[in-house]
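Read through the structure below, which is laid out as structure tokens, and then see the notes.
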Amino acid sequence: MAFSAQDIPNRFDFSISPKIYEYWESQGFFHSEPDPSREPFTIVIPPPNVTGALHLGHALNNTLQDVLIRYKRLKGFNTLWIPGTDHAGIATQAVVERRIFEQEKKSRHDLGREELVKRIWDWKDQYEARILGQLKRLGSSCDWDRTRFTLDETCARAVRRTFFDLFAKKWIYKGKRLVNWDTFLQTAVSDDEVFHETTDGNFWHFKYPVIDPKPGEPKYVTIATTRPETMLGDTAVAVHPDPEKALNTIEAELKEKLKEAPGKEKAGIQTQIEEIQARRESMLPQLIKLRDMALEGRKLMLPLVDREIPLVADQWAKPELGSGCVKITPAHDPNDYEVGRRQDLPMINILNPDGTMNEATGEYIGLTIPQARKMVIEDLEKLNLLDKIEDRKIELAYSDRSKTPIEPYLADQWFIKMDELAQSAMDAVKDGRVKIFPSRYANGYIDWLSEKRDWPVSRQLWWGHQIPIWSQECAYKEDHDKMVAKLESDPDIKSGKVKFQVERDEELEAAEKIGTIQGAARVTMPYSQIHVCIAEEDAALATRYEAMGFVREEDVLDTWFSSALWPHSTLGWPNKTPELEYYYPTSTLITSRDIITLWVARMVLAGINNMGEIPFREVFIHPTILDGLGERMSKSKGNGVDPLDVIEKFGADSLRFGLAYLTTETQDVRMPVQFECPHCQFLIDQTKKNRQQPRIECKKCGKPFSTQWAESAEDKALPRGAIVSERFELGRNFCNKLWNAARFTMMNLEGFEPGTVSADELQLEDRWILSRLYTVTQEVSRCYESYGYADAARATYDFAWDEFCSFYVEMLKERFQDEKQRPVAQRVITYVLDCMLRLLHPIIPFITEEIWQTLGKIAPTRGLESLTDATESIMLSTWPEIDSKWEDQSIERQFAVFEETLGSLREIRSRQNIAPKDTIEFVIRCDEPTAKLLETMSPYFLSMANAKSSGLGQKVEVPETNATLTVGSMEIFVDLKDFIDVEAEIDRNEKQLSKLQQLVVSKEKKLGNESFVSRAPADIVARERESLDQAKQELERTEAALARLRESAAK
RNA sequence: GGGCGAUUGGCUCAGUUGGUUAGAGCACUACCUUGACAUGGUAGGGGUCACAGGUUCGAAUCCUGUAUCGCCCACCA
């Protein structure tokens, strides 16, 4: 049975999208192989974390990549989009650990390393499948044959090789550093994984006794803290070395600020100055005395642990704050740590990894931080050493992963030296080898890198790339010398497969002072540590070194370490693959702004280091998706939206179109969403309260429904409330419009015969739509090349809806009725539709494919001046190349006259409240060329405005009762004898008149201004004159029309 | 504290190097089930472009300041 266009439904069934996707995939359309005869265009996906599911931010990110890839594919590039996922170290381990704890009440220590890692792999398999499924539903045309995972073998080799290389360059070192310790996960987390929250807290003031105070000297020194338990690790109290000068400086600065400050702030600053002045009176003598005591080397007695600690002079102490003295806890506070380094203070770690007090705290051992805090306060109070307690808002650091408070903690960490690496990445952007769009984001990138802070890469985790270092301590010099000699003659070290390093620099010398103090005794430091790094995974080799006494480093690498290698590791590095040769450097990277430093910068430096070449030529930073309250969508906030929810309800094309439409250069995307009650369709705004709720009760009908967060079987059994937003309605409506325009076209292709069309067969509207098609194609092309997604979406939307549908299709309705005109009309509209589908395909691939294939059944051979057979799939087609000869400004101007005339006729109809079924008659007074033009368009006035022309030209018979409208130099008179509502017409004309009067006045004023006429460019002045003349003409005519109307009203 | 960005009709956003009467979608009003499409059509109402100065013949657009919001970085005994 032959296919009939009459059977096309009036809705696109977007639920067939997965089938279309399967077809593409099975045909291998997404797959790319190196082909030196073609130019490659390559994108590597920002690998989503396998932590969970994707949200709209990912949908945006991947839509933008797919749009670009599909555009370039049509443009003839050999496109490769490499997909993959990220193991996301801490995030994933934390999620799985938490889940295991919830379900089995087991910690990772109960399971052991091997078992936990296995469990996480299971989780990864499950979520990776889900994520890749989501990407497919979205339409992402990734080359799935090349899917990578940052923890797979290829990536592992790349990580290993890179680490080894950096080790060989001596850019890897070990150091004791203060880290943000997550006591729940028992790992260090990076600054980026810490968030701060203001909470109500206290500020405790303690008194430390001075040992053997001399007469006139204070018996106590007062210090204050928000973390009392840390006093157990205090190793000094600091006072400023020159408190007087410091106070003077502060006062001078404040006075300077006072001069510049806006009135509102003046009072506050004045108060501060007064406080400083008061302090000089009340406290300065005491501070100077304490400073002198510090210089003398006097000591204080640290209560509770009874340890002598020095009073030191250090600029960290701020004489303008508190008591002017500050307790120093080097092992648990970043600033105190610096003081400790400067003043050569011991650093006493008081915490066990699990956050309880260790043996250094004496009788407090085993207590948790809150317990220790309480006890320390009580004990000090008993000793009468608690001075006072203040209420105060304090900012507490929390781990983003476990949501528990962070403790600053001194731990062994591996670092990467960043000087050269950071410099290379800065240079790449500064000299334009890597271009960042929008360019303002380059600043943050440069600033961050220019700090060249060393990168702490070790994580106390089990999920990740284990650091390929084996170490051993040499207690004595003899052991050390022996081992070094052995290693130097080691065959694998000689061959370069293995490198070793001795750690015995000043860092370690200093470490002697850093050694943990147990009671009063110091732990002796070994003479040296020797580290061995093995280039490749090699069990035999590892065993050999282990037999020599080396022990493998337990920590794994920061997850960004493997992410940094992504552009080349995905292409097979360190092997010299044909893919690397052909696809590297990749073309562009599309990502969000929060990881410019963490990820983008590190990829650049890693690419340069490993490949000697930048990883991508361009970086496009896309907007962030915010919720209705203007907050960033994120999993932790629970305001994320599952793209599948949107796809179910609106279709992937609508989602993609909506997202592309919003991707402008400067703005983030605000996306207010609602739940739609499946029972009564009532819309419920997503709020802070109902975020992440597995079930919601409808506010209107009271019935419960499930959401995307439903997990229990009970919740899942409820009807699902979809997430909706007007954002997606825009796309859905547009797709519907396009579908039906195509449906109309195909329904009118009966008897279609392929054939060329010669220029003289074309009607005005054909030439017009071809001219517009040419212009729009150029414009959309330009938009895609410059990441102008919103502009591309808008341009195609306007063309398809306002020009193709509202005018061209409407006009062809007439021509399709005419046997003689039909063939040309069919060929032209088919050609235009064909091109339009290709313009739209990058954004809305499913619907354009479906239409393309249907059209292929009806009109398999098509074209304008030459014919070609349409490809089976739109994906095998090419970007439309419209002949520039179709661009015709004069045709577009002529068409504009028609549009305006049509608009005027419709306006009069509407003002006069004329029923659509009633035909009106009109005459137009105009010049001959215009008359000729409008003559040919008169059938369209009838079909599109139900208005019949009864005279066009300079000499027309003006109907007695009429409504008049002036358009340019034309006057349109509509015969209203059967319809006239004189009052309405007078009303309209009066409004028009006052508008025109205002306009004329403002123009006359402008042109009367001597300096405007003499200084503005001539063409601007001429244009103003012209428009004034026109306005005056219209004014006259409107006045005349009004006079006539009043006359007839008087009758 | 430093940096970046935003502020345009009720809502969400466009607005190219300054130049006719500032646009769109949604919402709103009126009319319309017309053989592509009511997820539609036609017409309409609604904005002194955050505020104050300045530059200019001319400012939503450029400059300065203020306010509010957001993001990034640093810091916080």
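Just so you know, these numbers use all the heavy atoms, side chains as well, and skip hydrogens, waters and symmetry mates. Values in this document were obtained by computation on a predicted structure and should not be read as measured data. Throughout, a chain's letter reflects where its sequence line sits, starting with A, and its residues are numbered from 1.
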- Note on the structure: Across all chains, not counting sequence neighbours, the salt bridge (charged side-chain N to carboxylate O under 4.0 Å, His left out) partners of A:Asp1029 are none
With the criterion being N/O to N/O and under 3.5 Å, what pairs connect the protein with nucleotides 28-35 of chain B, and how long is each?
none

- Query: What residues, two or more places apart in sequence or in another chain, satisfy ring-ring contact (aromatic ring centres under 6.0 Å, His included) together with A:Trp204?
  - Reply: none
- Residues which pass salt bridge (charged side-chain N to carboxylate O under 4.0 Å, His left out) with A:Lys207, listed by chain and number, not counting sequence neighbours: none
- Which part of the nucleic acid, if any, lies within contact of A:Trp204, taking any heavy atom under 4.0 Å across all strands shown: a base, the sugar-phosphate backbone alone, or nothing? nothing
- Message: Below the 4.0 Å mark, does B:G44 have OP1 or OP2 next to a side-chain nitrogen or oxygen of A:Arg909?
- Response: no
- B/S/- contact track for nucleotides 17-22 of chain B, protein heavy atom under 4.0 Å: --BBB-
- Message: Is the phosphate of B:G41 approached by A:Lys737 (side-chain N or O, under 4.0 Å from OP1 or OP2)?
- Response: yes
Polar pairs (N or O, both sides) under 3.5 Å between protein and nucleotides 25-27 of chain B?
unit_1 : atom_1 : unit_2   : atom_2 : d
B:G25  : N2     : A:Glu726 : OE2    : 3.1
B:C26  : O2'    : A:Glu726 : OE1    : 3.3

Can you pull every protein N or O that's under 3.5 Å from an N or O on nucleotides 3-7 of chain B?
unit_1 : atom_1 : unit_2   : atom_2 : d
B:A6   : O3'    : A:Gln667 : NE2    : 3.4

- Task: Using the test ring-ring contact (aromatic ring centres under 6.0 Å, His included), find all partners of A:Phe650 that sit at least two apart in sequence or belong to another chain.
- Result: A:Phe728
- Message: Any salt bridge linking A:Arg593 with A:Asp668? Criterion: basic side-chain nitrogen under 4.0 Å from a carboxylate oxygen.
- Response: yes
- Item | Contacts of type side-chain contact (heavy atoms from CB on, under 4.5 Å), residue A:Lys1003, not counting sequence neighbours | A:Leu999, A:Glu1024, A:Ser1027, A:Leu1028
- Ignoring hydrogens and angles, answer whether the base of B:A36 and the side-chain atoms of A:Glu810 contain a donor-acceptor pair closer than 3.5 Å. yes
- Pairing of RNA chain B as dot-bracket, 5' to 3': ( ) intra-strand, [ ] crossing, | other strand, . unpaired, with Watson-Crick or G-U pairs under 3.5 Å? (((((((..((((.....[...)))).(((((.......))))).....(((((..]....))))))))))))....
- Contacts of A:Arg909 that satisfy salt bridge (charged side-chain N to carboxylate O under 4.0 Å, His left out) - sequence neighbours left out: none
- Message: Under the rule for ring-ring contact (aromatic ring centres under 6.0 Å, His included), what residues qualify as partners of A:Phe437, not counting sequence neighbours?
- Response: A:Tyr787
